[in-house]
Amino acid sequence: MVLNSKIPEGPIQQKWDNHRFNIKLVNAANKRKYTIIVVGTGLAGSSAAASLAELGYNVISLCYHESPRRAHSIAAQGGINAPKNYKNDGDSIWRLFYDTVKGGDYRAREANVYRLAQVSGNIIDQCVAQGVPFAREYGGLLDNRSFGGAQVSRTFYARGQTGQQLLLGAYGALSRQINAGKVKFFGRREMLDLIVIDGQARGIVTRHLETGQLESFVGDAVVLATGGYANTFYYTTMAKHSNCTAIWKAHKKGAFFANPCFTQIHPTCIPLSSEYQSKLTLMSESLRNDGRIWVPKKTGDTRSPKDIPEDERDYYLERLYPSFGNLVPRDVASRRAKEMCDKGFGVGPTKLAVYLDFADTIKRNGKAWVEEKYGNLFDMYYQITGEDAYQTPMRIYPAAHYTMGGLWVDYNLMSTIPGLYVIGEANFSDHGANRLGASALMQGLADGYFIIPYTIGDYLASSKLQKVKTDHPAFKESEKNIQDFIKRLLSIKGKQTSDEIHKKLGKVMYDYCGLARNESGLKKALELIPQLRDEFFKDVNVPGTDNNLNPELEKAIRVIDFFGIAELIVRDALHREESCGAHLREEYQTQDGEALRNDEKFSYVAAWEYKDDGTSWELHKEPLIFENVKPSTRSYK
Amino acid sequence: MNFTLKIWRQHNRNSKGKFVEYKAANISPDMSFLEMLDAVNRDLAKKGEDVIAFDHDCREGICGSCGLYINGRAHGPQRGVTTCELRMRHFQDGETLVIEPWRAKSFPVIKDLIVDRTAFDRIIQAGGYVSVDTGSAPEASSIPVPKEKAEEAMDAAACIGCGACVAACKNSSAMLFISAKVSQLALLPQGNAERKIRVQKMVEQMDKEGFGHCSNTYACEQECPKKISVTHIARLNREFIKSIIC
Amino acid sequence: MRTLVQFYNSSVGKKLIVGLTGFLLISFLVIHLFGNLLILRNDGGKAFDAYAEVLPQILIIRIIEVGLFLIFLIHIITAAYTWLLNKQTRGQNYKVRKPGQTSQLTSRTMFLSGSIIFIFLVVHMRQFWYNSRYEAGEHYSMYEVIKATFSEPAYGIFYLIAMFLLGFHLRHGFQSAFQTFGLNDEKYSSIIEWCGVIFWLLIPLGFAVMPLYFLLKF
Ligand SMILES: Cc1cc2nc3c(=O)[nH]c(=O)nc-3n(C[C@H](O)[C@H](O)[C@H](O)COP(=O)(O)OP(=O)(O)OC[C@H]3O[C@@H](n4cnc5c(N)ncnc54)[C@H](O)[C@@H]3O)c2cc1C
Ligand code: HEM
Ligand code: HEM
Ligand code: SF4
Ligand code: F3S
Ligand code: FES
């Protein structure tokens with residue numbers, strides 16, 4: 001199979017316009033004859049479901065939460081980008097496009113990124129009209145801040161709850177369509193299989209999480225908006241239920257998986273303190289604007305930070321990057337922190353943390369100033385650790401946070417299975433090898449509000465679709481397989497919980513495929529992962545029954561797919577013999593430890609095709625051609 | 001730390017529940033309340049026993065999934081936190097903790113400590129939004145919004161839909177929840193066109209769902225993890241009066 | 001009519017009715033108190049009797065009186081109906097509740113304090129109002145009746161308890177009405193609180209002075 005990205009002709013500025021003109025439209029009256037299944041109600045899913053319903057399509061919307069509003073997008077704090085140039089600081093669509101391509105270390109598709117930058121302004125308009133209470137200036141106009149290392153202020157925000165407010169806006173739009181009867185919403189449904197009939201995505205099979213009942217849904221197209229797969233690493237900033245099952249099942253049914261090894265690790269998270277800790281909590285990156293990061297100069301220094309004199313501290317980011325200092329990009333900051341801890345300079349009970357110190361800022365500007373700016377983060381830190389960060393420095397450590405990889409999609413956001421669309425974090429997206437702050441929200445909403453409503457019509461108008469009902473053998477067979485599989489899980493009755501084994505998997509991933517990767521480690525991981533999977537099938541204990549709400553069964557089903565994706569992440573990381581963005585191969589770095597890209601060999605999207613034997617994949621390459629932004633080396637010295 | 005837990009167990013919607021006693025041993029004061037329950041559940045799962053079901057997801061106080069009634073208080077005794085943010089250090093070593101689900105007829109128990117809060121969704125569906133089709137929005141900065149108004153709207157919009165207000169209210173009233181949405185959209189010019197119909201529809205749906213009447217006892221404000229103020233209820237009342245008179 | 005029924009059926013509608021009637025009742029109490037204060041004039045009840053006699057003869061007062069009774073009725077019935085509905089919203093009750101940590105006692109006991117005021121009202125009507133309207137002969141002195149009643153400690157104390165509960169009821173009721181009318185705001189809440197003192201403290205106190213006056217004087 002040859003990958004066809006379907007990038008439209010013409011200069012980059014006109015591609016999207018040309019495309020919208022050239023694609024087929026579904027006649028307004030015919031739209032109600034089509035049913036579209038949208039899985040997921042995060043920013044991408046809610047916005048897509050609402051927009052498609054507004055156009056007149058019948059939409060089936062599902063998610064595993066009780067309510068659409070609880071999707072993981074709700075947790076995003078920082079903000080959303082749009083090059084409105086309200087600050088008159090020289091921002092433009094082109095600059096956002098350029099920053100995103102560069103930030104992604106030249107591993108994203110130019111045409112998609114440009115389109116993203118183009119529609120991002122409309123997102124803000126739409127959200128404001130929905131009543132999203134973005135921060136305002138005294139004059140009543142919208143405020144912006146700079147975020148994630150951008151040189152211009154283009155980030156719109158609603159306190160530290162931007163994701164929540166955007167999601168509630170989209171949820172409102174979705175609710176309106178549910179009320180109008182155009183969207184049928186099914187909560188507490190977990191998609192466990194994709195149904196492909198005659199080569200087209202025609203439906204899904206779900207498990208009702210309350211009753212355990214398996215249900216089939218038929219549609220003329222399926223849209224996956226099921227979020228990222230970072231939870232493969234277990235300890236992450238993701239919500240506990242975030243998982244990769246939906247995309248993984250689709251992958252197994254033929255959708256190619258692109259760039260799985262591009263996983264982002266966020267530098268400022270509250271570190272792990274005990275083995276019972278359930279997740280890691282992200283603290284806004286903005287802390288690095290005023291906090292200074294350091295470790296003791298001596299290894300294994302157990303003194304309290306107050307007792308360590310100034311000249312025995314190593315402010316390593318300031319030392320290594322005199323011009324950017326503590327504000328280097330996420331991947332760099334994360335990597336250096338891990339390096340310090342690996343060398344034994346780590347602090348705190350686990351020695352897996354570095355200090356983020358506000359003492360100087362407090363001395364300079366006063367506690368009140370810090371409180372006003374960061375008070376809520378200090379409170380949060382106090383809630384979790386019981387420590388007063390005004391008195392003693394915070395401890396931080398990097399944590400898996402976001403996944404740039406995902407199902408491969410063409411310019412229309414359609415996967416390699418006709419009729420299967422993938423949007424939001426679930427697709428391999430526009431962020432290349434590294435995502436910049438405040439651009440995931442932008443991408444999710446761009447996909448849902450402004451891209452898929454156009455592109456899906458093209459497919460529906462130009463495809464022949466058979467009449468299919470849920471009694472089609474494909475559905476029955478899938479239901480039967482799932483049932484048997486669940487029976488098998490329940491009958492293992494071993495000694496470990498799913499979480500315990502998942503934690504082990506996470507540790508393998510952090511150790512060998514986390515911030516820095518090398519060939520021998522990756523190979524080691526490829527041995528360990530199948531072993532852990534075998535251990536799981538021998539020794540897991542899934543209590544409870546399958547016809548009732550059963551949290552342990554839910555976890556077990558999800559963990560199995562994490563094994564699958566973990567293996568693919570490692571394979572991809574092993575094959576990509578270069579360092580780019582979040583993917584750092586220790587063998588490929590400059591003398592001072594910076595990423596060394598290999599554009600000659602690896603300027604492509606790695607799209608993996610699942611083979612039915614379950615243990616091998618075929619690699620397909622989509623070459624990346626840069627006509628507008630010339631790849632260069634990132635430098636933050 | 002060690003605790004004795006008295007936890008409501010109920011097999012499903014239709015079965016009768018009861019309290020069951022558990023021990024939670026060797027709990028670190030830094031653990032969150034849900035992590036404490038995770039620890040209990042881990043031991044149950046290892047023994048092959050059905051774990052205690054409770055709702056959760058983000059574990060950082062924003063998704064609104066979690067919510068337990070702990071020793072007579074919604075989200076436990078601390079002010080302004082959700083159950084997932086609550087830490088065990090706020091309890092006494094050796095204490096007995098009675099853990100119940102939200103109790104309200106409109107929030108039927110699904111299993112153990114999980115309740116069905118879809119009534120909230122139906123209230124929002126009745127009108128808790130601005131009707132604006134994708135693509136039809138004017139330029140974002142074309143309508144200025146005074147900063148104070150935007151801030152106040154944001155205060156209201158911070159509601160996470162957890163249902164603690166209903167759980168805490170002696171009348172199981174959802175007034176704080178619906179007022180948060182009504183107030184947010186009443187404060188913003190964007191919500192203006194539909195303000196009359198919105199408040200009426202949302203109140204109507206709230207009543208239909210079987211929530212109680214607000215009698216201004218203000219327990220909801222005290223238990224709301226986002227500290228949503230009851231002045232938003234006052235604004236809802238005002239909107240309601242206006243929707244009838246004007 | 002339909003909208004009226006709808007209004008009454010809606011929770012916020014009922015709340016508004018209770019609030020509005022409650023507020024009118026407070027206004028009545030103010031007038032009632034000032035009338036009654038004539039008792040305290042040291043003239044053996046002349047002024048008060050004159051007032052008590054004239055009042056029922058003015059037509060408009062009779063009309064207002066009917067309205068007043070209606071207001072009482074609406075207040076009580078709506079409040080009781082609401083209370084009844086609210087009783088049914090919980091289903092299975094909590095095993096442990098600590099409402100004292102999150103709300104005021106007065107706010108949670110409005111129905112109780114109201115009910116006792118209701119009992120008081122029945123007794124009060126029977127004693128003063130019914131007598132003055134239907135039993136009064138030529139030389140009926142309201143003042144004497146009051147004096148006789150309050151001189152009896154049992155009645156006096158009953159009145160005092162009732163006044164205490166009235167204060168209790170208004171302690172919550174006064175500011176609550178503002179909340180109900182949508183006039184509560186961070187800016188005004190302290191002003192409302194302070195004005196409330198006049199109503200929940202001074203009015204019941206004013207009323208209480210009368211039984212006290214007679215109890216202590218004789
Ligand atoms: C702590 C944190 C902070 C962040 N801050 C920012 C920020 O400031 N700016 C920014 O731009 N980005 C931020 N991000 C990233 C951003 O939030 C996410 O990338 C984005 O919200 C993903 O949205 P989504 O719609 O693709 O998926 P999600 O919001 O993850 O939604 C997934 C949906 O799919 C459903 N689902 C999943 N699997 C299934 C299944 N099998 N069956 C049925 N339903 C399923 C879920 O129920 C859910 O509704 C942050 C991320 C984190 C973790
Ligand atoms: C006669 C018996 C009475 C009964 C049974 C009664 C009962 C009630 C009840 C149940 C409420 C509702 C409280 C709530 O919403 O929490 C209420 C409110 C109120 N009552 Fe009464 N009441 C009575 C008499 C009075 C009197 C005599 C007054 C005033 C003089 C009064 C003034 C008020 C006020 C101001 C409110 C507040 C309304 C609001 O919350 O908006 N009530 N009453
Ligand atoms: C202790 C002090 C009080 C005294 C001395 C007192 C006295 C009286 C008298 C003399 C009357 C008859 C007036 C007439 O014939 O028209 C009356 C009527 C009435 N009183 Fe009181 N009263 C007292 C307190 C109250 C209180 C606290 C309430 C309400 C809660 C109340 C409610 C009424 C009502 C509703 C009537 C009948 C209406 C009217 O005729 O105006 N009274 N009272
Ligand atoms: S108002 Fe507060 S308590 Fe009620 S649902 Fe919203 S956040 Fe929860
Ligand atoms: S506690 Fe209940 S009575 Fe009203 S003010 Fe809050 S909803
Ligand atoms: S788990 Fe999300 S708010 Fe508690």
Side-chain angles (χ1 to χ4, degrees), chain B residues 6 8 10 16-17 19 69-74 77 79 97-98 100-101 103-109 152 166-175 199-200 203-204 206-207 210-223 229-231 233-242 244, chain C residues 3-4 6-7 9-20 22 78-79 81-111 114 172-189 192:
Chain B
K6 289 206 170 89
W8 181 260
Q10 179 173 335
K16 262 183 81 109
F19 283 93
Y69 207 77
I70 303 160
N71 274 0
R73 295 288 303 275
R79 178 119 210 255
L97 306 174
V98 180
E100 305 176 68
R103 298 277 189 207
K105 266 207 188 130
S106 317
F107 285 171
V109 173
E152 211 181 338
V166 174
C169 173
K170 84 187 224 302
N171 313 321
S172 325
S173 174
M175 273 295 255
V199 64
Q200 293 205 350
V203 169
E204 192 185 313
M206 171 176 76
D207 295 346
F211 292 104
H213 300 53
C214 172
S215 56
N216 303 342
T217 45
Y218 310 146
C220 49
E221 177 184 282
Q222 291 302 313
E223 296 289 48
S229 160
V230 291
T231 52
I233 298 186
R235 185 171 290 107
L236 179 145
N237 292 336
R238 197 152 73 224
E239 289 294 314
F240 191 85
I241 297 169
K242 277 196 218 155
I244 286 166
Chain C
T3 39
L4 208 71
Q6 252 177 359
F7 180 77
N9 276 339
S10 109
S11 60
V12 182
K14 278 202 275 297
K15 191 171 139 133
L16 278 166
I17 290 168
V18 176
L20 199 69
T78 311
Y81 181 40
T82 310
W83 177 80
L84 216 75
L85 290 175
N86 280 343
K87 283 263 107 177
Q88 298 161 6
T89 57
R90 185 111 279 158
Q92 168 96 31
N93 211 343
Y94 291 107
K95 186 181 166 93
V96 183
R97 295 214 74 188
K98 295 201 182 121
Q101 298 180 354
T102 51
S103 60
Q104 298 293 328
L105 182 66
T106 46
S107 72
R108 281 177 276 125
T109 49
M110 286 300 273
F111 185 69
H172 177 71
F174 182 81
Q175 56 79 31
S176 173
F178 282 88
Q179 168 81 356
T180 301
F181 305 148
L183 301 173
N184 187 14
D185 199 306
E186 245 119 63
K187 273 179 279 181
Y188 309 130
S189 66
I192 295 172

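Order of the sequence lines fixes the chain letters, A, B, ..., with proteins taken first and strands second; residue numbering starts at 1 for each chain.
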Open item on the list: Quick check: closest heavy atoms across B:F240 and C:G13, and the distance to 0.1 Å?
Closed with: CE2-N, 3.9 Å
Task: Nearest-0.5 Å distance that lies between atom CD in C:Q104 and atom CG in B:N216 - done: 13.0 Å
Open item on the list: Using a 3.5 Å distance criterion without hydrogens, assess whether the side chain of C:R90 forms a donor-acceptor pair with backbone atoms of B:R103.
Closed with: yes
TODO: Taking all non-hydrogen atoms of both residues into account, name the closest pair between B:R73 and C:K98 and its distance.
DONE: CD-O, 4.0 Å
Task: Atom pair CG/CD of C:N9 and B:E204 - distance to nearest 0.5 Å - done: 10.5 Å
Task: Separation between NZ of C:K15 and CD1 of B:I233, rounded to the nearest 0.5 Å - done: 6.0 Å
Task: Interface moiety of B:I70 toward chain C, non-hydrogen atoms closer than 4.5 Å - done: neither
Open item on the list: Taking side chain as everything from C-beta outward and backbone as N, CA, C, O, which of these in B:P77 sits under 4.5 Å from a heavy atom of chain C? Side chain, backbone, both or neither.
Closed with: neither
- [ ] With the side chain counted from C-beta on, respond yes when C:V12 and B:M175 share a heavy-atom pair under 4.5 Å apart, and no when they do not.
- [x] yes
Open item on the list: The test is side-chain contact (heavy atoms from CB on, under 4.5 Å); show your working for B:W8 and C:Y94 and say whether it passes.
Closed with: CA-CA 10 Å; B:W8 181 260; C:Y94 291 107; over 6 Å; no
Open item on the list: Looking at B:F19, I want to see if its CZ is surrounded by more than 12 non-hydrogen atoms of other residues, nucleotides or ligands under 6.0 Å.
Closed with: yes
Task: Proximity breakdown for B:Y218 and chain C, heavy-atom pairs closer than 4.5 Å - done: both
Open item on the list: Counting heavy-atom pairs under 4.5 Å with chain C, which one of B:V203, B:N237, B:V199, B:I241 comes out on top?
Closed with: B:N237
Task: Among the listed options B:P108, B:C169, B:A167, the residue most often paired with chain C at heavy-atom distances under 4.5 Å - done: B:A167
Open item on the list: Please classify the contact of B:D207 with chain C as side chain, backbone, both or neither, using a heavy-atom distance under 4.5 Å.
Closed with: side chain
- [ ] Considering only heavy atoms and a distance below 4.5 Å, find which of B:A219, B:S229, B:A74, B:S106 pairs most often with chain C.
- [x] B:A219
TODO: Decide whether B:S172 and C:T89 meet the rule of one side-chain donor and one side-chain acceptor closer than 3.5 Å.
DONE: yes
Open item on the list: Nearest 0.5 angstrom please: C:D185 CG to B:R235 CZ, how far?
Closed with: 6.5 Å
Task: Closest heavy-atom pair and its distance - B:E100, C:K95 - done: OE1-N, 2.7 Å
Task: Donor-acceptor pair, side chain of C:N86 and main chain of B:H213, under 3.5 angstrom - done: yes
Open item on the list: Could you check whether any side-chain N or O of C:R97 sits under 3.5 Å from a backbone N or O of B:A168, counting only pairs where one atom can act as donor and the other as acceptor?
Closed with: yes
Open item on the list: Does any backbone or side-chain atom of B:F107 lie under 4.5 Å from a heavy atom of chain C? Answer side chain, backbone, both or neither.
Closed with: neither
TODO: Please test B:Q200 against C:Q6 for side-chain contact (heavy atoms from CB on, under 4.5 Å), starting from the C-alpha separation and ending with a verdict.
DONE: CA-CA 10 Å; B:Q200 293 205 350; C:Q6 252 177 359; 6.0 Å; no
TODO: Please flag which part of C:K87 lies under 4.5 Å from any non-hydrogen atom of chain B: side chain, backbone, both or neither.
DONE: neither
- [ ] May I ask you to test the B:M206-C:S11 pair for a side-chain heavy-atom distance under 4.5 Å?
- [x] yes
Open item on the list: Strictly distance-based, threshold 3.5 Å: is any side-chain N or O of C:Q179 a donor or acceptor partner for the main-chain N or O of B:V230?
Closed with: yes
Open item on the list: Given heavy-atom pairs under 4.5 angstrom as the criterion, report whether the side chain, backbone, both or neither of B:K6 touches chain C.
Closed with: side chain
